[in-house]
Amino acid sequence: MGRAGTCNSSRRIGSRRSSLGGSVAKRYEPAVVEAKWQRRWEANKTFKAVDCSEKPKYYVLDMFPYPSGAGLHVGHPEGYTATDIVSRYKRMRGYNVLHPMGWDAFGLPTEQYAIQTGQHPADITQRNIDTFRRQLKMLGFSYDWDREISTIDPGYYKWTQWIFLQLHKMGLAYVDEVPVNWCPALGTVLANEEVIDGRSERGNHPVYRKPMRQWILRITKYADRLLEDLEDLDWPESVKEMQRNWIGRSVGTEVRFAIEGHPGEGISVFTTRADTLFGATYMVLAPEHPLIDTIVTDTCRRAVLEYRAAAVQKSDIERTDLIREKTGVSTGAYAINPANGQTIPIWVADYVLASYGTGAIMAVPGHDQRDWEFARKYRLPVVEVVRGGNLDDGAYAGDGPHVNSSFIDGLNVEEAIDAMNEWLEARQLGRRKVTYRLRDWVFSRQRYWGEPFPVIYLEDGTIRALDESALPVELPQEDSVKPSGTGESPLANLTEWVDTVDPETGRPARRETNTMPNWAGSCWYFLRYIDPHNDDVLVSPEKERYWMPVDLYVGGVEHAVLHLLYARFWHKVLYDLGVVHTKEPFKKLVNQGMILGLSYADNRGALVPADFVVHRDGGHFHRETGEPLTELPAKMSKSLKNVINPDDVVKKYGADTLRAYEMFMGPLEASKAWDTKGVEGVYRFLLRVWRLVHGWDRNAGAGKADTLLRVRHQTIKKVTHDIEAFRFNTAIAQLMIYVNEMYKAPHLSAEDLEVLTLLLSPIAPHICEECWERLGHTESLAYHPWPEYVEAYTLEEMASYGIQVNGKVRGQLEVPAGTPKHQVLEQAKAHHNVARYLAGKQVVKEIFVPGKLVSLVVR
RNA sequence: GCGAGAGUGGUGGAAUUGGUAGACGCGCUGGACUCAGAAUCCAGUGGGCAAUAUGCCUGUGGGGGUUCAAAUCCCCCCUCUCGCACCA
């Protein structure tokens, strides 16, 4: 369908007399209508949220976007439309709605682009933000734009830095020289969460371990609270489960092993299976373990050092690639098993992780598959201590009676763990302990385009956190950003900025040149929307108490762990400081699914770019080879030429169509493929609505019967419930049914059309405002009360029964609603087709489901 | 390997306290309107058998089971998606 064709056709139809009678109707021009209402909403500040009003509040939050150079993609409007529908619906329901938008504007890609092009990141970011803002306004979202914030604004990051100072004061921020994920290609250090399979999440570059001086946040101190408080959140179970797994709480025992010939030393290990201590036949230290140098024997020293050097240099990807084949070397030293006094060899192997537990393990090859594989390879003894498996085939990790284990023989695993723990604790050889998979959060980045740390280093190496009065510590205004070349931040070369003086002593000092990671600004932005221009406090306590918590938070699953865990952590810190009054920031969380593009595969499964596909006879064929192709959803990508740009869709069909289509595609949480034909279907629906309203003659239906009473009330009921439950696709389907009925009706009342307009308005606000005006209203419908339904009016007059005989439907029966059971049964049995199946049989059971069906069992 | 979720027409998806499977949209077919096309409006559309009709059979990834009745509950299997992955 040509662009011009769409518009011309609507003009022709629109200019004709409607079959419903009435005056010459105006043509539907989305561009005109949408611009008109967007101007009016902006001029009237229609969506301004009032702080601390009498009305009940409702806080609807979108995950604010990173303003990339590519602009908005069709995935953004999905979640944003969903929250906008809820916002508009809640306003009509009498709520004071806070629905803000802002920019997560610091970020690595912008910095890299700035370096490549010799521009300043701030300039690029500002242009990107302008594009995003224009696109969001074009879609008619009901944001309170007076509350717009940006994480790069010094007035904003002043408070990000302020929170850091509080973290520092509370002992939750510390500096450490730790092996970090060093990515040479990006020239920076990454958090564990930004490394996937040993490669950088951004750019897919290899990542190596390198010790560096870093700021680290003690998130592990909050591990238990982060875990426990998940319980009460109205979040998708999958997200909660991911967070639980990420925190990885593990209850076990720390056991201390003495080392032969080193009376002062010992090796602590963490185990969840203390009951298998009698089966510990060797120990393994991680290559980074500090005791290696002390205990290694002279004959083994060289091999161990070589092994360690090789292991430390490996990237994570190389380490994990070697999952199948475990390697290690003996230290020559021996430990003493505290349970039975036996000497057992100490090995070094990189299958033991330095960063988990104590960085050392007791190896129980009989009952741990990893230890079993290692023992096999290096011919270490395997001892069975729990009966139930065959140790020639592999380790046995199941339950069973203990053997070869002295005082715990015969006990099952659970009892044996308790018994062993008591035994160890009584002799002070070990103690119960909880370990987490969660690590402290490496909080430094070697970048320019991030929040500077409010920290200086004195000449003697002392770290001094600046006073709050020194905030914000602003980024230096440079014309362009150049890499330092040393792996340090580009800030390191800007000596005028770096060299400073200690405000307390007046002595020379150097600023911290690392900056904060992207997550910092997004950890608390939802608080700043509440009080965006306050220079004295992060957020006024009064306003915080009114607006928090966020009632609804919508965003992509990609933030299931990172952003949401960090934000919860900071929120708990702010809670402890008394800045906020809720333990958790986000009451309800909804993840929108991904929007995929259509793509085409040939019979080998290879994807064919869209410009090589010809559509004819209802099939899809390769332009050059002519071979038939199958259609399937795939991620939108430049190479497949299947990227849908929201600007183009709005230009052709309008924002209302884009909004309604994205909601109509399917359930919000599901991944769905974009279908241009589907967009046209939704456009046609809006066109039908438009013609209904604009072709309507108020006098034609006056005083006539209310023929649409039932379907109207059914529609109010269904749309209301569906919006409450985030089922926008079925809400739209019901509105389509209603419109179809309206086209069949002999005449329409003002109420018929007003209800339609109001119910559709959260989804397609521009066209509905225009229709509302056409129906004679002078005020915006944004705060008009939501239609109410009367349950009695929704009920059908006639009940349609399906009649089953032995479970198969044999007939239909229409009776007045409320017909008593015995009458329905009587008529059902008399049904001529049903009677055929009853003839000569005996009815042994009659089931009656009121209003639905009759089921007869015959023998 | 572990954990979570999902498999329904040509197609996106409806329907789950078990109660007439396929709402609504797309596509397709037919009709109205038109010189014609586009658009619009109306009707039909899971598959098969029928053409006497208010008809029969079959059908929600596959196979079993419970039940008068299963997309929905139970068991086994297959496929796909997502997350985690040497976490002791």
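Source: prediction; values computed, not measured. Each chain gets a letter, A, B and so on, in the order the sequences are listed, and its residues count up from 1.
Straight-line distance between the C1' atoms of B/rG59 and B/rA71: roughly 11 Å, to the nearest whole Å. Comparing the C1' positions of B/rG65 and B/rG18 gives a spacing of 15 Å, expressed to the nearest Å. Straight-line distance between the P atoms of B/rU60 and B/rU8: roughly 11 Å, to the nearest whole Å. To the nearest whole angstrom, the two C1' atoms, one in B/rA70 and one in B/rA21, are 11 Å apart. Annotation: B/rA36 and B/rC56 have their P atoms spaced 44 Å apart (nearest Å). A gap of 11 Å separates the C1' atoms of B/rC86 and B/rG1, to the nearest Å. B/rU66 and B/rA53: their P atoms are spaced 40 Å apart (whole Å). Here the separation of B/rG37 from B/rA50, taken at their P atoms, is 36 Å to the nearest Å.
For A/N729, whose side chain is taken as the heavy atoms from C-beta onward, the closest listed nucleotide among B/rG13, B/rU20, B/rC24 is B/rG13. Side-chain atoms of A/R810 lie closest to B/rC57 of the nucleotides B/rC41, B/rC57, B/rC68. When the nucleotides B/rC68, B/rA14, B/rU40 are ranked by their closest atom to the side chain of A/S855, B/rC68 comes out on top. Closest contact between the side chain of A/N833 and the listed nucleotides B/rA88, B/rU54, B/rG3 involves B/rU54.
The minimum heavy-atom distance linking A/V854 with A/A828 is given by the pair CG1-CB, 4.2 Å. Minimum heavy-atom separation, A/V413 to A/D399: N-OD1, 3.0 Å.
Judged by distance alone, with hydrogens and angles left aside, A/S800 brings a side-chain donor or acceptor within reach of the base of B/rU20, the pair sitting under 3.5 Å. The base of B/rU20 lies outside donor-acceptor range of the side chain of A/Q804, with no N or O pair under 3.5 Å.
Between the OH atom of A/Y661 and the C1' atom of B/rG25 there is a distance of 9 Å, given to the nearest Å. Rounded to whole Å, the distance from NZ on A/K635 to P on B/rU81 is 12 Å.
Contact annotation for A/Y837: backbone-only contact, meaning every heavy-atom pair under 4.0 Å involves sugar-phosphate atoms and none involves a base. Across all strands shown, A/D371 has no heavy atoms under 4.0 Å from either base or sugar-phosphate atoms. Contact annotation for A/I737: backbone-only contact, meaning every heavy-atom pair under 4.0 Å involves sugar-phosphate atoms and none involves a base.
With contacts defined as side-chain heavy-atom distances shorter than 4.5 Å, the pair A/V251/A/R249 qualifies. Contact annotation: the side chain of A/L856 approaches that of A/K829 to within less than 4.5 Å [non-hydrogen atoms, C-beta and beyond].
In this pair, A/Y28 and A/W690 present their aromatic rings tilted. The plane angle is within the 30 to 60° band.
For the side-chain contact (heavy atoms from CB on, under 4.5 Å) test with A/I732, the passing option among A/I737, A/I763, A/D722 is A/I763; the others fail.
Taking the centre and axis of the six-membered ring of A/Y743, the NZ or CZ atom of A/R688 falls inside the cone set by 45° and 6.0 Å.
For the pair A/V849 and A/N245, nearest-nucleotide mapping onto RNA chain B gives the more 5' position to A/N245.
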Give the dot-bracket string for RNA chain B, reading 5' to 3', where a pair is Watson-Crick or G-U wobble with both distances under 3.5 Å, ( ) marks pairs inside the strand, [ ] marks pairs crossing earlier ones, | marks a partner on another strand, and . marks unpaired. (((((((..(((......[....)))((((((.......))))))((((.....))))..(((((..]....))))))))))))....
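If you look at A/F374 and A/Y351, their ring centroids are closer than 6.0 Å.
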Applying ring pair (Phe, Tyr, Trp, His ring centres under 6.0 Å) to A/Y801 and A/F848, what does each step give before you reach the verdict? CA-CA 10 Å; A/Y801 282 86; A/F848 177 75; 5.7 Å; yes
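Salt bridge annotation for A/D275-A/R273: present, with a cationic side-chain nitrogen under 4.0 angstrom from a carboxylate oxygen.
A heavy atom lying under 4.0 Å from RNA chain B marks the following residues of residues 268-285 of chain A, by number: A/F270, A/T271, A/T272.
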